[in-house]
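Written below as structure tokens is the structure these notes are about.
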Number of protein chains: 2
Amino acid sequence: MLGAMQLAGNARPGDAVGNRSRRSSGRPTLADVASRAGVGTITVSRALRDPERVSSELRERIDAAITALGYVLNPNARALASARADVIGVLIPSLTNNVFAEVLRGIHDGLGDSALQIQFGNTHYSADEEERLLRVFLGQRPSALIVSGIDQLPATRRLLETAGCPVVQIMETGPNPIDMMVGFSHFDGGQQATEHMLQIGCRRIGFLGARMDPRSQRRLAGYRAAFRATGVFDELLVTTTPSPSSVSMGAYLFRQAISKAPGLDGVVCNNDDLALGVLFECNRQGISVPDRICIAGYNDLEMMAVAYPSLTSIRTPRYEVGRQAIAMIRAALAGDRPEQVIVDLGFELKVRESTTRQ
Amino acid sequence: MLGAMQLAGNARPGDAVGNRSRRSSGRPTLADVASRAGVGTITVSRALRDPERVSSELRERIDAAITALGYVLNPNARALASARADVIGVLIPSLTNNVFAEVLRGIHDGLGDSALQIQFGNTHYSADEEERLLRVFLGQRPSALIVSGIDQLPATRRLLETAGCPVVQIMETGPNPIDMMVGFSHFDGGQQATEHMLQIGCRRIGFLGARMDPRSQRRLAGYRAAFRATGVFDELLVTTTPSPSSVSMGAYLFRQAISKAPGLDGVVCNNDDLALGVLFECNRQGISVPDRICIAGYNDLEMMAVAYPSLTSIRTPRYEVGRQAIAMIRAALAGDRPEQVIVDLGFELKVRESTTRQ
DNA sequence: CAAAAAAATGGTAGCGCTACCAACATTTCT
DNA sequence: AGAAATGTTGGTAGCGCTACCATTTTTTTG
């Protein structure tokens, strides 16, 4: 087994680190670096955390010792001693969702060369699972927490409020932030897409929604609001399912919608996967897009602009949400908490061929 | 700031945990649980790790104390004391890639209710970044490591060999595993897709590839091999780019291919995004699929079956790779290392409308 | 130039847990 | 019956680091 190879592999002959006690990991420690550099352990610790506070001469000797020994700091020991881990806990509802994958990418990029690490948890769109994971995370005393949405359970909210670290709610904005917020309005997005369709002459606009998490619900609410102002609404126009979203689900929901809502001339979709499914189903049934059916998606994934016909969508700043969340956390950890604790990054309606009638 | 709220929030009045030293975190510790239950600390520790080894009477008293105090184990202290963290390091080349998102999902599901946590790193398809992240991970003495592919740098490989924990290379299989492997053959997949197209009568089959990481290279090699056996090959049929893959890149590469390789009658794509881009571009240019151009993708994402026409693809067991990797790790950690250290999960050619000519 | 302030460095005592050994209680064996 | 094996429990000494203070050195100030 590999287990046996560890000592053999790590014990460098001629090294200052000789025969240690059985409990030791065999790796060089801060004390090893200190004795090799001829300084106290605490000075090495300082040189690592805040090089400015150590004279340049000692700093050089310490750096040399670190590279000579191949020293790597033990984050567990640091976390234990300082009662604070350099970890940001991130709670995301789904992994297979492109949208959150891009948020995660933004988070990673925002970290840059900071020592912070990401620990992330997948809540599977379950508030209970979110609370369970949060408790696990809090046990590690994270430096900061990022949670998705604004609909935490009351108990979860209390946990977050007393977490003792910066907390950022992402993907949405709302009135009562736990601490900070970065997102955009899903209601407005749903409304704007629908208004656009009404404007180009659609009258019987359906709404297709899968999963129907709180953000989807708000998009649907925006859709309804657009009708209140302008059009004639009919409950049969709304077709939703609690099942997860997918391209095939888009095709399925469209088939349902078209059979129960006669005269349908457009669909606003919960997200881009559904919209793509609708497009394929229209192609398959020989329904012309946009002449007979207009289509709008949500999120503006990369494929939307390439599709034929290209698909109208609401461009959401997913990557930017991740970056901004980290920027706010880093500012807060550095001591200068942003005075703007609710950041609305907005969205943009991208009008394309699927809603362009001449 | 929230920092100030922590003590206020966590100090439950009337709690056994009273005025602790300033350094303490304020949370109940193992010792608090032990004294409340009237047992030694080590017994609580055992009750937590291996309940079977503690009498049922003490176990109940300990459980009661844990819930009464709201005790949460400090993983950093555990990791420090046992020189081993309950963490599995996962190194993945991309986050925005659906394929790896599903592997990650499989990994998470495979974990089930075990105490293991995932720490994952994004290598951005860079071997140097992979090595850097690996060093960071090794500093935490993970319980196991999962790395993508089989093309690690020699130094990275050495680090993994001496990591002293189970290591699983995923997504590919090959001759010299560092420790264990779960994957499938990309060469065979590329070859099989190409052979299928030759079989249905295509003669001038192009290969479109983006990113061209090692796995893509092997798919391309399989494509070439298929020609060696049957068809007449022409280097102009291959169109690749080091840029990341995307649907628009598929459309772009197809435009290139069709202009430089006259008589093109089919394309084998590196992955499904490219294939979808090709389909859209064909639609846009009025090129009939499959009558004039046949299309095959790779991975068989969910949308492939729904597209119109539906798209042929190689179904790869991504989710299963993640699950299997964890299963092997759990077995190894439990002491019974699987005797089958290289697991080939295979793939399946899904023939659909885009390569069906009557 | 002495006194005060600031900067640089070190010693020591934990952080909360587990490895290791020891002690005792209980069962099984000869 | 006593001896040996097994099971259960606890004490103690760290794991590798940082907080807190003490000490020494350097700089600034009146």
Side-chain angles (χ1 to χ4, degrees), chain A residues 17 20-62 66 69-86 115 138-141 143, chain B residues 3 17 20-62 66 69-87 115 138-141 143:
Chain A
V17 184
R20 313 179 127 265
S21 88
R22 214 175 332 166
R23 285 200 59 183
S24 161
S25 63
R27 301 208 161 198
T29 70
L30 241 183
D32 296 327
V33 174
S35 75
R36 185 173 180 122
V39 299
T41 57
I42 189 67
T43 306
V44 178
S45 174
R46 267 195 286 262
L48 251 36
R49 281 179 298 161
D50 191 359
E52 301 303 308
R53 299 205 315 166
V54 174
S55 69
S56 60
E57 192 217 322
L58 287 194
R59 210 185 314 149
E60 274 169 38
R61 267 165 41 202
I62 290 169
I66 286 174
L69 294 172
Y71 170 75
V72 180
L73 182 129
N74 182 327
N76 294 121
R78 166 175 283 184
L80 182 59
S82 61
R84 169 67 63 220
D86 282 340
L138 286 174
Q140 321 206 20
R141 333 215 100 250
S143 288
Chain B
V17 184
R20 315 180 125 265
S21 90
R22 212 174 334 162
R23 287 201 58 184
S24 162
S25 64
R27 302 207 161 198
T29 70
L30 240 182
D32 296 327
V33 174
S35 75
R36 186 175 180 120
V39 299
T41 57
I42 189 66
T43 306
V44 178
S45 174
R46 267 195 286 262
L48 253 35
R49 281 179 296 161
D50 192 0
E52 301 303 309
R53 299 204 317 168
V54 175
S55 68
S56 61
E57 190 217 323
L58 288 193
R59 210 186 314 150
E60 272 170 38
R61 268 167 39 205
I62 290 169
I66 286 175
L69 294 172
Y71 170 75
V72 179
L73 183 129
N74 182 327
N76 295 120
R78 165 175 283 184
L80 182 59
S82 62
R84 168 69 62 221
D86 282 340
V87 167
L138 286 174
Q140 321 205 21
R141 334 214 97 251
S143 288

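The basis for the numbers below is simple: all heavy atoms, side chains too, and nothing from hydrogens, waters or symmetry mates. Lettering of chains follows the sequences in order, A, B, ..., and the numbering in each one begins at 1.
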Inset, instruction - To the nearest 10°, let me know how far the axis at one end of the helix from dC1(C)-dG30(D) to dT30(C)-dA1(D) is tilted from the axis at the other, five pairs an end. - result: 30°
Rounded to the nearest 0.5 Å, what separation is found between the [atom1] atom of [X] and the [atom2] atom of [Y]?
X	Y	atom1	atom2	value
Leu80(A)	Arg141(A)	CG	CZ	11.0 Å
Ser82(A)	Arg84(A)	OG	CZ	8.0 Å
Ser55(B)	Ile62(B)	OG	CD1	8.0 Å

Value in whole Å for how far the [atom2] atom of [N] lies from [atom1] of [X]:
X	N	atom1	atom2	value
Arg27(A)	dG14(D)	CZ	P	22 Å
Leu80(A)	dC17(C)	CG	C1'	8 Å
Arg141(A)	dC17(D)	CZ	C1'	17 Å
Leu30(B)	dT12(D)	CG	C1'	15 Å
Leu48(A)	dT18(D)	CG	P	7 Å
Asn76(B)	dT18(C)	CG	C1'	14 Å
Asp86(A)	dC17(D)	CG	P	14 Å
Asp32(B)	dC17(C)	CG	C1'	13 Å

Legend entry - Heavy-atom pair with the smallest gap, counting every atom of Thr41(A) and Ala31(A): CG2-CA, 3.7 Å
Legend entry - side chain to side chain contact (heavy atoms under 4.5 Å, CB included) partner of Val44(A), the single match among Val54(A), Thr29(A), Leu30(A), Leu73(A): Leu30(A)
Legend entry - Candidate nucleotides dT18(C), dG16(C), dT18(D), ranked by approach to the side chain of Asn74(B) - the nearest: dG16(C)
Inset, instruction - Start with the C-alpha distance between Leu138(A) and Val72(B), add both sets of side-chain angles, then the distance that settles side-chain contact (heavy atoms from CB on, under 4.5 Å), and finish with yes or no. - result: CA-CA 9 Å; Leu138(A) 286 174; Val72(B) 179; over 6 Å; no
Legend entry - Which residue lies more 5' along DNA chain D, comparing Val44(B) with Ala77(B) via nearest heavy atoms: Val44(B)
Inset, instruction - Would you check if Arg78(A) and Asp86(A) make a side-chain contact, meaning some heavy-atom pair closer than 4.5 Å? - result: yes
Legend entry - Any Ile42(B) side-chain heavy atom under 4.5 Å of Arg46(B) side chain: yes
Legend entry - Sidechain-backbone polar pair: Arg59(A) side chain, Pro51(A) backbone, donor-acceptor under 3.5 Å: yes
Legend entry - Distance below 4.0 Å between Arg49(A) side-chain N/O and dA19(D) OP1 or OP2: yes
Between N or O atoms, less than 3.5 Å apart, protein on one side and nucleotides 7-9 of chain C on the other: list the pairs.
unit_1 : atom_1 : unit_2   : atom_2 : d
dT9(C) : OP1    : Ser55(A) : OG     : 2.8
dT9(C) : OP2    : Ser55(A) : N      : 2.8
dT9(C) : OP2    : Ser55(A) : OG     : 3.4

